[in-house]
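Reviewing the structure listed below.
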Amino acid sequence: LGMFSELKFLVPWGHVAAKAWGHSEGHPVLCLHGWLDNANTFDKLIPLLPRGYYYVAMDFSGHGLSSHRPAGCPYHFLDYVTDVRRVAAALQWRRFTLMGHSMVFRSRFIFPQFCFLYPEMVDKLILLESLGFLLAPEDIEAWLKSKRRVIDRLLSLEAKQQTPKARSPKAALQRLLEANSHLTAEGGAILLQRGATETPAG
């Protein structure tokens with residue numbers, strides 16, 4: 001397990017980088033680094049772990065070799081949870097072991113929250129140097145539904161992204177009016193002056 005390969009997963013702002021040990025047919029283990037660390041956190045540990053597993057250590061956005069989010073975009077904890085979901089989807093992992101490091105921030109929030117949101121995807125949770133995460137029982141169900149809905153909707157929209165179609169000004173106005181029944185034709189034309197972009201195709 002000393003040898004590793006580099007992986008890249010495309011995301012809307014660039015890519016999420018990762019490194020992998022073992023054979024891809026092995027049982028999947030997603031390794032998540034701690035606060036201000038990166039995937040190299042696991043360099044000394046992975047060779048000591050059992051063979052027969054496929055260990056993938058990702059760099060969270062803005063860490064290691066992963067792309068930074070655009071300037072002005074905060075790094076919210078739910079965005080890190082979404083990064084984990086993106087990587088699992090890119091690897092086509094339906095069920096895997098989650099191993100997370102650091103008692104600060106990520107182990108207390110990101111790792112358990114991913115398990116709360118997607119319990120069907122995680123067979124084991126391994127926390128290294130971690131403190132527990134507590135959520136009031138009466139808040140759990142509502143929290144899970146709302147957060148999972150946000151992530152699933154975002155990934156669904158990203159999967160449907162296509163190159164924008166070029167339309168004539170008339171067709172663009174018609175589309176805008178169909179989507180916004182409260183707009184008048186005059187109001188729509190005013191919005192399109194600033195809301196449409198001219199391209200070589202139209």
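Because only heavy atoms are used, hydrogens play no part in the values below, and waters and symmetry mates are left out as well, while side chains stay in.
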Check your understanding: Residues two or more places apart in sequence or in another chain: which of them pass side chain to side chain donor-acceptor pair (under 3.5 Å) with Arg85?
Key -> none
**Study point:** Side-chain hydrophobic cluster, 4.5 Å single linkage: members besides Leu191
**Key:** Leu173, Leu176, Leu177, Leu183, Leu192
Revision key, fill the gap. Residue set satisfying side chain to side chain donor-acceptor pair (under 3.5 Å) with Tyr53, at least two apart, ordered chain then number -> none
Exercise for review: Please collect all salt bridge (charged side-chain N to carboxylate O under 4.0 Å, His left out) contacts where either partner lies in residues 166-190, sequence neighbours excluded, each pair once.
Suggested key: none
Point to revise | Side chain Asp79, main chain His76, donor-acceptor under 3.5 Å | key: yes
Revision key, fill the gap. For Pro47, the side chain to side chain contact (heavy atoms under 4.5 Å, CB included) test, sequence neighbours excluded, returns none
Check your understanding: Quick one: side chain to side chain contact (heavy atoms under 4.5 Å, CB included) partners of Phe96, sequence neighbours excluded?
Key -> Pro28, Leu30, Ala88, Trp93, Leu98, Phe114, Met121
Point to revise | For His27, side chain to side chain donor-acceptor pair (under 3.5 Å) partners two or more places apart | key: Thr97, Asp123
Review point. For Phe60 and Val84, what are the C-alpha separation, side-chain angles and deciding distance, and is it a side-chain contact (heavy atoms from CB on, under 4.5 Å)?
Key: CA-CA 8 Å; Phe60 281 105; Val84 174; 3.8 Å; yes
Point to revise | Other ILVMFWY residues reachable from Leu65 by side-chain steps of under 4.5 Å | key: none
Exercise for review: Might you work through the side-chain contact (heavy atoms from CB on, under 4.5 Å) test for Leu10 and Arg86, ending with a clear yes or no?
Suggested key: CA-CA 9 Å; Leu10 294 181; Arg86 280 192 178 95; over 6 Å; no
Practice item. Would you mind listing every salt bridge (charged side-chain N to carboxylate O under 4.0 Å, His left out) that reaches into residues 50-78, with sequence neighbours excluded? Key: Arg69-Asp83
Review point. Is Phe9 reachable from Leu154 through a run of I, L, V, M, F, W or Y residues, each pair having side-chain heavy atoms under 4.5 Å apart?
Key: no
Exercise for review: If a pair satisfies side chain to side chain donor-acceptor pair (under 3.5 Å) and one of its residues is in residues 6-24, list it, with sequence neighbours excluded.
Suggested key: His15-Ser67, Lys19-Asn40, Lys19-Asp43
Check your understanding: Should the pair His63 and His33 be assigned to parallel (<30°), tilted (30 to 60°) or perpendicular (>60°) ring geometry?
Key -> tilted
Practice item. Determine, stepwise, if the pair Ile126 / Leu128 fulfils side-chain contact (heavy atoms from CB on, under 4.5 Å). Key: CA-CA 7 Å; Ile126 303 168; Leu128 310 173; 4.0 Å; yes
Exercise for review: Output all residues satisfying side chain to side chain donor-acceptor pair (under 3.5 Å) with Glu120, sequence neighbours left out; order by chain, then residue number.
Suggested key: Arg148
Point to revise | ILVMFWY clustering at 4.5 Å (side-chain atoms), partners of Ile190 | key: none
Check your understanding: Is a side-chain donor or acceptor of Thr82 paired with a backbone partner of Leu78 at a separation under 3.5 angstrom?
Key -> yes
Practice item. Give the minimum heavy-atom separation between Ser66 and Ser61, together with the two atoms involved. Key: CB-CA, 4.1 Å
